[in-house]
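First the structure, in the form of structure tokens, and then the observations on it.
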Amino acid sequence: MAARIEHLVTSGTFSLDGGTWEVDNNVWIVGDDTEAIVIDAAHDAEAIARAVGDRRLIAIVCTHAHNDHIDAAPELADRTGAPVLLHPDDLPLWKQTHPDRAPDAELTDGQGLAVAGVGLTVLHTPGHAPGAVCLYAPALEALFSGDTLFAGGPGATGRSYSDFPTIVDSIRDRLLTLPPETVVHTGHGDTTTVGAEAPHLQEWVDRGF
């Protein structure tokens, strides 16, 4: 069976810089009936494991290391034997949540991952976090953007480890150059497309979004 994209929403909290907020996170599963990868194991390892079912879980990919995107990753890894993958620039953030458990392998810009006959390319897109990455799957016309790009603008850059000019550069140079029909599967909220967001880049810059 051909590869498909599955969507799960989990709920919990995001904590950074002394504040805590209630959040709903998008968990994305890419695969077929035999194997899958999970993108951002947020909040509820049991629910994610149920969604994966008896498929072989190839990897647990972290788009960045804010706690709401990685809090369930070690437990899901323990349940399934799948490795946790993270860009090394986000290790300081990771250690705030999991000081005694390191990721299993590094993500690097341009790295290729494969699942169910589909290739996904890692795009390093710092700004929201230093090690933020997106995953681009051209065969699925899909981009998994984590918290780098949302429907309506860039991810937040008002807290530690983030930088607005950097995220604008990442979006301009790495994401808005993709085909306009590419569907952007975000870390929170609704999906969008590259074509829907591209015309608004200068607006975001002008208002320091």
Q: Find out whether L120 and F144 are in side-chain contact, i.e. whether some heavy atom of one side chain is under 4.5 Å from a heavy atom of the other.
A: yes
Q: Under the side-chain hydrogen bond (donor to acceptor under 3.5 Å, both in side chains) rule, collect the residues that match up with E75, sequence neighbours excluded.
A: R79
Q: Identify the heavy atoms of L91 and P103 that sit nearest to each other, and give their distance.
A: CD2-CD, 3.7 Å
Q) Which residue pairs pass the side-chain hydrogen bond (donor to acceptor under 3.5 Å, both in side chains) test when at least one of the two sits in residues 52-62, sequence neighbours left out? A) E6-R55, E35-R56
Q) E141: what forms a salt bridge (charged side-chain N to carboxylate O under 4.0 Å, His left out) with it, not counting sequence neighbours? A) none
Q.
To the nearest 0.5 Å, what is the distance between CD1 on I37 and CG on L57?
A. 8.5 Å
Q) In the hydrophobic clustering (ILVMFWY, side-chain contacts below 4.5 Å, transitive), which residues join F150, or is it alone? A) none
Q. Is there side-chain contact between L135 and T121, with at least one heavy-atom pair below 4.5 Å?
A. no
Q. Given the side-chain rings of H128 and H66, with only the six-membered ring counted for Trp, is the space between their centroids under 6.0 Å?
A. yes
(Q) Once side-chain contact (heavy atoms from CB on, under 4.5 Å) is applied, do any residues pair with A198, and if so which ones, sequence neighbours excluded? (A) L176
(Q) So that I know where these two stand, are H69 and H43 an aromatic pair - ring centroids less than 6.0 Å apart? (A) no
Q) Is there a donor in the side chain of E197 and an acceptor in the side chain of H200, or the other way round, less than 3.5 Å apart? A) no
Q: Provide the closest heavy-atom pair for V184 versus V194 in the form atom of the first, atom of the second, distance.
A: CG2-N, 3.8 Å
Q. Are V9 and N26 side-chain neighbours, meaning at least one heavy-atom pair lies under 4.5 Å?
A. yes
Q: Evaluate side-chain hydrogen bond (donor to acceptor under 3.5 Å, both in side chains) for T125 paired with T148, printing each intermediate quantity in order.
A: CA-CA 7 Å; T125 53; T148 295; 3.2 Å; yes
Q.
Would the distance check show the side chain of S162 and the main-chain N or O of T157 forming a donor-acceptor pair, the cut-off being under 3.5 Å?
A. yes
(Q) Contact between L201 and V168 at the side-chain level, heavy atoms closer than 4.5 Å - yes or no? (A) yes
For residues 92-99, please give each side-chain donor-acceptor pair under 3.5 Å, one per line with the distance, not counting sequence neighbours.
from : atom 1 : to   : atom 2 : distance (Å)
W94  : NE1    : R101 : O      : 2.5
H98  : NE2    : I70  : O      : 2.9

Q: Using a 4.5 Å cut-off on heavy atoms from C-beta on, say whether the side chain of L85 contacts that of L113.
A: yes
Q) With sequence neighbours excluded, what pairs up with D169 under the salt bridge (charged side-chain N to carboxylate O under 4.0 Å, His left out) test? A) R172
Q | Test side-chain hydrogen bond (donor to acceptor under 3.5 Å, both in side chains) applied to T13 - qualifying residues, sequence neighbours left out | A | none
Q. To the nearest 0.5 Å, how far apart are OG1 in T192 and CG in L143?
A. 10.5 Å
Q. In Å, rounded to the nearest 0.5 Å, how long is the span from CG of D71 to CG of D40?
A. 10.0 Å
Q) For D17, what residues pass the side-chain hydrogen bond (donor to acceptor under 3.5 Å, both in side chains) criterion, not counting sequence neighbours? A) S160
Q. Mind checking what makes side-chain hydrogen bond (donor to acceptor under 3.5 Å, both in side chains) contact with D109, not counting sequence neighbours?
A. R174
Q.
Which residues pass the side-chain contact (heavy atoms from CB on, under 4.5 Å) test with P138, not counting sequence neighbours?
A. Y136
Q | By side-chain contact (heavy atoms from CB on, under 4.5 Å) - contacts of T191 (at least two apart) | A | W28, V183, H185
